[in-house]
Structures are given as C-alpha cells and as structure tokens.
Protein chains: 2
Amino acid sequence: MVTISDIAKKLGITPSTVSRALSGSPRVKNSTREAVERMAEQLGYERNEAASSLRRGKINAVGIVVPRINRAFFSNVIGGAESVLDEHGYSVIICQSHEKIEDEVKALKMLRSNRVAGVLISHAIPSENGNHILENIDPNAVLVQFDRVFSDLPGPRIVSENYKGAYEGTRHLIENGYRRIGNIAGYLSSEAYVQRLQGYKQALLDMGMEVDEEIIFYDSIVRETGYQAGKLAIERGCDAVYSAGDYSALGVIDAVREAGLRIPDEFGIVGTANEQFTGLMTPSLSSMAQHPYEMGRRAAQAFLTSLKPGAHVGEVSVPMELIIRESSSRNHIGIL
Amino acid sequence: MVTISDIAKKLGITPSTVSRALSGSPRVKNSTREAVERMAEQLGYERNEAASSLRRGKINAVGIVVPRINRAFFSNVIGGAESVLDEHGYSVIICQSHEKIEDEVKALKMLRSNRVAGVLISHAIPSENGNHILENIDPNAVLVQFDRVFSDLPGPRIVSENYKGAYEGTRHLIENGYRRIGNIAGYLSSEAYVQRLQGYKQALLDMGMEVDEEIIFYDSIVRETGYQAGKLAIERGCDAVYSAGDYSALGVIDAVREAGLRIPDEFGIVGTANEQFTGLMTPSLSSMAQHPYEMGRRAAQAFLTSLKPGAHVGEVSVPMELIIRESSSRNHIGIL
DNA sequence: GGATTTTGTGCAAACGTTTGTATTTTTGCG
DNA sequence: CGCAAAAATACAAACGTTTGCACAAAATCC
C-alpha cells in the first residue's frame, strides 16, 4: 500500500507537505499541490483512514442506531442519510438495538470506541428517557435524534409532522362526507401517537363535530387489534375511521368486509405511514405518508451543520403527505 | 479518554502487558490479567479502534455493498449479517451502489481506504462481469458475494435455490389440479431468473406436461407487464401461472379479475420472493419465499470462516420455501 | 538595499495500540 | 542449592497521518 511518504520521496519533498497538499491546505504552492495530486493518482494512493483517525482523534464516519434495519421506515431513513453523508466523505456504521436498551448501549459504546463524528439515533421503545444514551455516547460526537426522540436530550431532533398529518387525514374524511369518524390510536407512551390523536381531535372540533371517546380505540397498532377496534367502531355507528397506523387500518378493512359494508361508499378509511402494501391492495388504502428518506437526509444535514462551530440546530419537522386512494374516495363527494 | 498506558501506570506495569492481558494472550499471568480487567472496568477504558486498526493494518469491520438498502430484500440481508457480525466484534459499514457501477467502485475504494476485513456484495445490475470489483477491492479483504453473484470471482457465493424453488412452486400448482400453467419470467440476463425458468420447465416435464413457449412471458417483473402477460395467458387458455416475481403476479391477478375469473377456483397463481404485501392482500398470494435474513447470516458466517487460514468456502445455497396462501389453494384438490 | 512581512517547506513529535525481541522472574529438577 | 528451562514482563519500534513550530526563500515596504 502506498503512503504519503512514498509520494514525498518520489517528489523529493516531505510527508508533511504531501499531507497538506492533499488536504487542501492554503499553505502549499499550487504547482506542488498539482504535482502531489498527479503523483498520488499515478501511484494509486489512498489515505489510510485508520492513521488519519488516530491522529485526528475522530473518524470520518457516523453511526446510525435503529431498532431494526429491516423495517421499511428505518431502512429508508438510513438510505436517505447515507446519500448525503456519502457526498461529504462520511461512512455510515449501522447498529441495531432490537428494541433493547442493552443492545442500544452496546452500540453506543462500540461507536464511542470507534470515535465516530456523529450518532444518528431512533431509540428503543422500552426506554423511558435518554439517560442511557447520554451516559454512553461519545461526548465529542454530535447527537442527532430522529422519529423517536427525547426532548431532554441535547442536539437536533428530526420528527414528522404528526399532529398536522392526523389533522389533515381526518379532515379529508370529513370533506368526503363521512359523518362519524372513529380513531384507531397507538400507544400514548409514544410522542408521535399522542400528536396524531390530538390532530384527529382538533380536526373534528374545527369542523364542528364532537369528540366521542367511545369511538377512540387505544393501543392498537397491529392487524388483529385493528380488526377488534373496527368491529366496535361499526357497532357504535361509525362510517369512517382514521387510523394512526396502516396495519391496524388493514384490520379495520377486515371488519368492514365482514360486516358487508362497501368501501368507500359505505365506510371510509385513512391509515398512517403509507406502508408499501397500502398502494398494492384492493381496495387501495389512503394513508398519511411519512417521508423517511427525507427524514434521513435532514438528520444527516443536521449533523453536518452541527459540526460547524457556533451552529445550533433544534427541532426539524418533516412534512407528512396525504396519499388519497380508493378507501376514502367516494364516487359522489358529499361536502355539505 | 483513558488508554492502556493509564491502566499500566496505575498498576505499575507496562502497556504491552496490558495490551496482551486485554486481548487474551496466554503469555500473561492470570492474576495480572484479572487486575488489568478490573482496572480497565474501573477506569471505564475503551479500546481506541483507530489505533488498533492502524497497528494491525485492518479494521474490525466489514463493508456491505448493495444496490439500495431500502429494498426489503437487501435490508433483511444486512440485518441478518449484522446480527452475526456484531456477535463477533465486527462493525458493519454500509454502502449503496444505486445500481451504478461507478458508485460501486467508489464504495469499494472507500472500504479499501478503511482497510475493512471483508466485503459482502450484491452487485449492481448493469455490470457484466466482476472485473471492476476485483480491481477495486482491498486485496487483503475477504470477498463474499450474495444473491447477485459472478462465478468468475473468487470467494464464497451465497445464493437462493432458485431452480428448486421454481420447480416446487410449479409442481404445487400441478398438484392442485391446474392443467395449463403459464410462466412469467424475468430478465434472462440474471442467473436467478434463468434458474427459475428452468425449474418451471423441468417441473412440467417431470409431471408429464409439455412446455409451451406460447405461454412463457419474458422480461416481466413489474405489475404492468405482469398484467399484459396475464391477459395473454388467459387468452391462450391458461388456468394458472407461476410468476418469477411477486409484482408481476400482482399484475396477473389484475388481469384475472378483469376477465371475471375466480381465484383460486378458476385460476391459480404462485409468485416468488414472498414480498410483504403477498400476505396482506385479498386474496392472499402464494409465493416462493426467499430468506434474505438467513442469507445475510450465511454470508457473514462465510466471511468468518474464510478468515481462518486454510479454510475455503464455495457456493452456499439458501433454501426457498413455498408459502401456500389463498391464490393457489383450491377447495377441492384436484390431484389425478 | 536593508528590514520586514509573507509564503512555502521541513522537522519532529504525537495519536494509542500491537508485537518481536530482550530481560527478568519464577519454576522445576537433579 | 544451583542451574536450566519456562513463564511473565519490559523495552522499543512501528503503523501512517497530522500539525505546531522553526526555518528558509521570496515578496513587500520605506
């Protein structure tokens, strides 16, 4: 492997000048810089990152810690983050917490051991606060949280506009003439679900409808619980449901089918997250899309700007987008 | 940050002994090893990976290069690989080729620059051979290919049992009484699709049916082309289709619905890949499942065993599995 | 044209770990 | 008890890069 010393020797200069030339220091003459670059190219030089990292005390890499990388949402975030980090010469080291605090801590230690320049993290569900993160993150690394965030931790937080999204999803149903709209809510231990619930409620109020706790169903994020909730919603006179998740919306569809109601003519449904399957099923499912790829990009950008001295990035909102499909599109729009 | 010298000083010994103690060398007394471990624990020591990497000339990390990490298949492979690599103290650096040779080369150079111990790769589609990989991979790194492999490259290759899978998928349709079974084939430039086609043909022959090129449709991997192929298949008298992809199978379903045929009573379908949506739609779609997570695990294991001197890993097959769902399950099984 | 600033390079140390070789300590044995 | 062998530790160099400081050469000023 060729080193800067090899280049220096060939050109009759010293390694320090070569180093400066390659790193674009203004303290080297243009002619020598060019000579160095040519020689580096010619010899096929590639910087030894380990040596560089050791000397500088940090590595040109950021760690991304997610519960599971094979979840569509997270893999898209990672994809987005990688695309901008790569452009700026940073590698991406990925870690999975498997929703366990223990593994999360292990990952943070590993990243600290590698002296990464930054950590992008969406924490494991069981954790109640960010203490274990604060205790185990490299104090010199930039911390960026996304999606699942603790407001007591320092640094940028990238979140979806959950409130606004749920608000618009609900309003969309009202504007399509549905008159009694239930809500499938998630776990209120999660900030995102709390905000979606609030958005749903506010939309009802703003459109002159009332909030009825009878038709709000909590702790439901999978198909089966969605099905149970859907049956109750129908029983209690709903003609539509806004669901804070797509899987539970799927369960609602099961219940609606079982009841013999036609979608969307007799029953409307809007889900959340725009999972891939929503666009492929029949009827296709309207959904409030999150934009995980964009979220990843913003998280990476937040890291990059935080690097600059004096810069401070706070909370960054990523818009959600209503994807209107069959499950909420009545043939005859029933706006009053 | 605490170093091995700090530990050494506290204990009145030298850094070399501390290093050996921590790395489990047999050349250090048990009592001192324990003392070192206690002190390391107490001071909160963590090895500086950059220094270690520099000295050893390689880093405890492997790079994974995939077209896109947000594709379900690849993110599952990565998840599987990470799970075993993590256990053995290796970090995972991920890179996306975006299906471009140029980006793939860039990724390989970056990994070489980092002196990774291994590279797990599934190559970009446009490449016709592995030359650019061979030229740009770190000669000291272990190369492991998965899913999309070049047989002219050295090192382990992890592939799905495509032939066997297609064979069984087709046989399953025959055993369910379908009598004229079409095939939606992919691009024959890809080894995987070639093998699936062969498996389909052989199953027909082995079951005493004949292969009819009229009902084999090539270059179809998306919903729209599947739809076109499905229409033709129906026109040409098929009562079932084995599709080498799930998306094209989806298109076939569209065509079958349009023709007013009932699934599975009048028309049977089996797809391939077991994409998430196959289990969520109505009717649910039978599919030959690949096991990407397992493939990732095996790729990582192949890397680990290749590390041992003298060990040689060749081609590793990952079984496929027929997931029988509604689209191919007739109420009355029509075995002759 | 001499003094002073600017510009470009060289020198040398440092980052923290690993490891071949040398040295010391301990053990075993007659 | 003495000596050789074995075990444990110390010494020192090396990995390749970066960077503060010193220094020389060129440019600028009065």
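Every chain is numbered from 1 and lettered A, B, ... according to where its sequence line falls, protein lines coming before strand lines. Just so you know, these numbers use all the heavy atoms, side chains as well, and skip hydrogens, waters and symmetry mates.
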**OP:** Identify the heavy atoms of A/Ser83 and A/Arg297 that sit nearest to each other, and give their distance.
**Re:** OG-NH1, 3.0 Å
Subject >> From CE (B/Met39) to NZ (B/Lys9), nearest 0.5 Å >> reply: 13.0 Å
Original post:
Do A/Ser23 and A/Ser25 have side-chain N/O donor and acceptor atoms under 3.5 Å apart?
Top reply: no
Subject >> Rounded interatomic separation in angstrom, taking CD1 from A/Ile4 and C1' from C/dA12 >> reply: 13 Å
Original post:
Nearest-Å distance, CZ (B/Arg56) to C1' (C/dG16)?
Top reply: 13 Å
Subject >> Spacing between A/Lys58 atom NZ and D/dT19 atom P, to the nearest angstrom >> reply: 12 Å
Subject >> By salt bridge (Lys or Arg N to Asp or Glu O under 4.0 Å) - contacts of A/Glu315 (at least two apart) >> reply: A/Arg157
Subject >> d(CG, A/Asp6; P, D/dG16) in whole Å >> reply: 9 Å
Original post:
Using the C1' atoms of five pairs at each end, what's the angle between the two axes of the helix from C/dG1-D/dC30 to C/dG30-D/dC1, to 10 degrees?
Top reply: 40°
Subject >> N/O (side chain, A/Ser19) to phosphate O (OP1/OP2, D/dT17) under 4.0 Å >> reply: no
Original post:
Can you tell me how far P of C/dG16 sits from CG of B/Leu54, to the nearest Å?
Top reply: 12 Å
Original post:
A/Arg115 has an atom CZ; how far is it from atom C1' of C/dG16, in whole Å?
Top reply: 9 Å
Subject >> Salt-bridge present (B/Arg38, B/Glu34; N to O < 4.0 Å) >> reply: no
**OP:** Round to the nearest Å and state the distance from B/Ile7 atom CD1 to C/dG16 atom C1'.
**Re:** 12 Å
**OP:** If a protein heavy atom is under 4.0 Å from the base, mark B; if only from the sugar-phosphate, S; if neither, -; do that for nucleotides 5-13 of chain D going 5' to 3'.
**Re:** ---SBBBBB
Original post:
Looking at B/Arg298 and B/Glu294, does any basic side-chain N land under 4.0 Å from a carboxylate oxygen?
Top reply: yes
Original post:
Parallel, tilted or perpendicular for A/Phe303 and A/Tyr90, by the 30°/60° rule?
Top reply: perpendicular
Original post:
Can you tell me how far C1' of D/dG16 sits from CZ of A/Arg47, to the nearest Å?
Top reply: 11 Å
Original post:
Side chains of B/Ser190 and B/Arg148: is there a donor and an acceptor less than 3.5 Å apart?
Top reply: no
**OP:** Can you spot which of B/Ile64, B/Val65, B/Asn70 makes a side chain to side chain contact (heavy atoms under 4.5 Å, CB included) with B/Gln96?
**Re:** B/Asn70
